[in-house]
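As structure tokens, the structure follows; a few thoughts come after it.
In this text the structure is predicted, and so the values were computed from the model without any measurement. A, B, ... follow the sequence lines: proteins, then strands. Residue 1 opens every chain.
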Amino acid sequence: MNLRALLNALAGKQDSKDIAKERLRLVLVHDRTSVSPEFMEQIKEEIIKVISKYMEIDTANTVINLHKTEGTAVLEANLAIKAIRRPG
Amino acid sequence: MGAVIVITSGKGGVGKTTTTANLGVGLAMLGEKVVLIDADIGLRNLDVVMGLENRIVYDLVDVVEGNCRPKQALIRDKRYDTLFLLPAAQTRDKNAVTPEQMKKLCAELKEEYDYILVDCPAGIEQGFRNAIAGAERALIVTTPEVSAVRDADRIIGLLEAADLGDPKLIINRLRPDMVKRGDMMDIEDILEILAIDLIGVIPDDEKIIISTNRGEPVVANDNGSLSGQAYRNIVRRVRGESVPFLQLYKNSSIFSRLKKIMGLSG
Ligand SMILES: Nc1ncnc2c1ncn2[C@@H]1O[C@H](COP(=O)(O)OP(=O)(O)OP(=O)(O)O)[C@@H](O)[C@H]1O
Ligand SMILES: [Mg+2]
């Protein structure tokens with residue numbers, strides 16, 4: 001923090017560049033997570049491939065979603081398991 | 001074998017054409033053989049920035065359509081005889097050229113020239129696809145504004161998807177006075193957000209407008225301008241030299257000054 005930021009904080013003000021930076025950060029979380037359906041499908045297939053090494057997955061009942069809220073994004077995967085493989 | 005470098009940004013008007021012209025002249029000043037390709041079909045500009053608008057006979061579309069050989073379309077610069085411009089077509093649209101044709105043309109040119117700089121149009125559609133098709137390196141131009149940095153972020157993603165990783169960032173039109181009073185994002189702010197390497201910072205400078213009026217890129221003017229110096233430094237970095245960054249303003253943080261006094265930072 002520099003002197004100006006310190007004075008601003010005391011006065012309850014914020015530099016316009018800090019506002020810009022914060023807005024950029026938020027908008028980029030959204031931009032970076034707006035992925036195409038094909039890309040989601042690709043992610044889904046690869047997740048299933050990895051998990052399938054350990055469990056038998058019911059691919060028809062598997063859903064993958066990207067949830068975006070202000071400032072954060074969550075990837076949610078619901079995989080229906082048919083059977084768990086015996087550890088080798 | 002030469003290098004093909006695309007100069008791109010996403011957002012319009014941030015300084016791609018100005019940068020392409022200055023880097024081209026700067027490289028030629030060091031004796032490199034350079035071709036500048038104006039890929040902004042329909043909105044030709046690089047010719048006027050270079051002051052070569054009265055010499056155009058053939059253009060990029062003529063070349064890819066086979067109306068002439070590449071050599072016939074290249075316009076030699078007025079002052080630097082290793083520098084050439086391949087102008088854009090003005091009365092055609094972006095679809096007149098395909099990425100495959102650009103790839104082939106760039107491959108052909110780099111057999112003979114050291115640097116092929118491609119001035120990319122704004123946007124992310126066909127014109128962008130064409131401009132990046134033949135490139136193996138990319139420079140991204142942005143200004144210290146929310147919209148320009150946001151678009152740069154999008155471009156970085158698209159370049160990655162096209163296997164053009166490791167693009168370098170040019171921050172253009174920085175105003176030290178505004179940064180100082182906290183009204184403009186600083187270099188560090190932008191680098192933190194975009195997380196790519198910086199290759200140069202160009203101050204907002206009226207000398208750029210004056211030299212563009214004359215059709216003589218500022219990089220060649222020995223008038224002590226900061227923007228000219230900034231471009232000369234980028235030219236050397238493009239060639240692989242490591243050049244210290246210009247100090248456009250002093251760090252005024254009291255803590256960094258205190259640290260300096262206490263010998264904690266250099
Ligand atoms: N550092 C600078 N200082 C002052 N003016 C500048 C600077 N850089 C660019 N300009 C001016 O900004 C305007 C836009 O620049 P330029 O044409 O290079 O942008 P561009 O990204 O190529 O635009 P477009 O997207 O339309 O192709 C020009 O008038 C140019 O002279
Ligand atoms: Mg332009």
Side-chain angles (χ1 to χ4, degrees), chain A residues 1-52 59 62-77 79, chain B residues 9-11 14 124 140 142-162 169 171 173-196 201 204 248-261 265:
Chain A
M1 194 191 282
N2 58 29
L3 181 58
R4 193 190 54 250
L6 194 70
L7 291 175
N8 277 343
L10 291 175
K13 278 195 305 184
Q14 206 183 354
D15 280 343
S16 75
K17 77 120 179 183
D18 290 324
I19 298 170
K21 199 175 164 186
E22 194 48 36
R23 291 176 58 220
L24 242 178
R25 229 192 266 287
L26 290 178
V27 80
L28 287 185
V29 169
H30 278 247
D31 287 1
R32 286 174 183 172
T33 51
S34 341
V35 294
S36 65
E38 299 84 57
F39 191 66
M40 282 306 292
E41 196 53 38
Q42 196 181 332
I43 295 177
K44 181 174 153 182
E45 274 168 27
E46 292 204 23
I47 289 178
I48 290 174
K49 213 167 94 191
V50 171
I51 305 292
S52 293
T59 49
T62 289
V63 196
I64 289 183
N65 273 314
L66 199 54
H67 299 283
K68 285 168 283 174
T69 51
E70 205 167 315
T72 59
V74 173
L75 183 72
E76 183 192 64
L79 296 95
Chain B
S9 69
K11 187 169 156 60
V14 297
I124 55 174
I140 298 178
T142 191
T143 58
E145 288 170 279
V146 177
S147 53
V149 177
R150 179 196 199 176
D151 289 0
D153 190 80
R154 182 102 171 79
I155 291 293
I156 294 168
L158 291 172
L159 289 176
E160 240 164 49
L169 185 70
I171 300 175
R173 309 201 73 155
L174 191 93
R175 287 190 47 185
D177 55 326
M178 291 189 73
V179 172
K180 248 185 180 161
R181 55 171 203 266
D183 278 330
M184 182 173 272
M185 281 188 284
D186 197 352
I187 300 162
E188 279 75 40
D189 296 326
I190 297 169
L191 293 181
E192 192 186 315
I193 284 170
L194 293 180
I196 62 171
V201 182
D204 192 76
L248 294 174
Y249 47 85
K250 289 212 174 65
N251 189 345
S252 64
S253 154
I254 47 168
F255 291 105
S256 72
R257 256 186 284 159
L258 268 178
K259 275 197 273 180
K260 213 167 245 166
I261 292 165
S265 74

Next on the checklist: Between B/Arg154 and A/Asp31, does any NZ, NE, NH1 or NH2 come within less than 4.0 Å of an OD or OE carboxylate oxygen?
Outcome noted: no

Checklist entry - Quick one: what part of B/Met184 sits under 4.5 Å from any heavy atom of chain A, side chain, backbone, both or neither? => result backbone

Checklist outcome for this item: Answer key: most heavy-atom pairs under 4.5 Å with chain A among B/Val179, B/Asp183, B/Ile190 is B/Asp183

Next on the checklist: As an exercise, state the distance from CG of A/Leu24 to CD of B/Glu145, rounded to the nearest 0.5 Å.
Outcome noted: 10.5 Å

Next on the checklist: I'd like to know if A/Lys21 and B/Glu188 make a salt bridge, using a cut-off of under 4.0 Å between side-chain N and carboxylate O.
Outcome noted: no

Checklist entry - What heavy-atom pair brings A/Arg23 and B/Val146 nearest, and what distance separates the two atoms? => result NH1-CG2, 4.5 Å

Checklist entry - Of the non-hydrogen atoms in B/Ile193 and A/Arg32, which two are nearest, and what is the gap between them? => result O-NH2, 3.0 Å

Item to check | Pick from A/Lys17, A/Arg25, A/Gln14 with the largest number of heavy-atom pairs that fall under 4.5 Å of chain B | outcome: A/Lys17

